[in-house]
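Quick caveat, the model's predicted, so the values are computed rather than measured.
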Amino acid sequence: MTKKLIIGGQEWGIADADAEGVARLVRDAMLNGITVELTLYDAHENAVTVFLNGAATSSVVLDLDSGPRPSQMS
């Protein structure tokens with residue numbers, strides 16, 4: 001999986017089909033300080049349920065692998 005969500009030191013994979021919904025839920029949690037339930041994947045690609053508490057989390061990284069990375073630009 002190339003799409004991922006990083007919360008603190010934990011990295012989770014995101015299925016391509018779920019990327020838009022996960023992005024929407026993460027945005028909602030962070031903007032409104034609510035808890036959302038996310039279906040993500042661990043390092044072994046096992047499905048897991050992660051609860052993201054937007055009120056308790058200062059930041060998350062959402063990498064949807066869209067477009068070239070700065071190191072990949074010509």
Chemist: Quick one, Leu64 and Val22 - any side-chain contact, counting heavy atoms below 4.5 Å?
Modeler: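 Contact flag for Leu64/Val22 side chains = no.
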Chemist: Could you list all the salt bridge (charged side-chain N to carboxylate O under 4.0 Å, His left out) pairs where at least one residue sits in residues 10-34, not counting sequence neighbours?
Modeler: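 Matches after skipping sequence neighbours: Lys3-Asp16, Lys4-Glu11.
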Chemist: Working note: Ile14 + Asp63, criterion side chain to side chain contact (heavy atoms under 4.5 Å, CB included); need CA distance, chi angles, decisive distance, verdict.
Modeler: CA-CA 9 Å; Ile14 303 170; Asp63 181 359; over 6 Å; no
Chemist: Tabulate below the donor-acceptor pairs under 3.5 Å that side-chain atoms of residues 34-55 make, not counting sequence neighbours, or state none.
Modeler:
{"unit_1": "Asp42", "atom_1": "OD1", "unit_2": "His44", "atom_2": "N", "d": "2.9"}
{"unit_1": "Asp42", "atom_1": "OD1", "unit_2": "Glu45", "atom_2": "N", "d": "3.1"}
{"unit_1": "Asp42", "atom_1": "OD1", "unit_2": "Asn46", "atom_2": "N", "d": "2.8"}
{"unit_1": "Asp42", "atom_1": "OD2", "unit_2": "Asn46", "atom_2": "ND2", "d": "3.4"}
{"unit_1": "Asn53", "atom_1": "OD1", "unit_2": "Ala55", "atom_2": "N", "d": "2.9"}
{"unit_1": "Asn53", "atom_1": "OD1", "unit_2": "Ala56", "atom_2": "N", "d": "3.3"}

Chemist: For the OG atom of Ser58 and the CD1 atom of Ile7, what is their distance to the nearest 0.5 Å?
Modeler: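 Here the interatomic distance stands at 11.5 Å.
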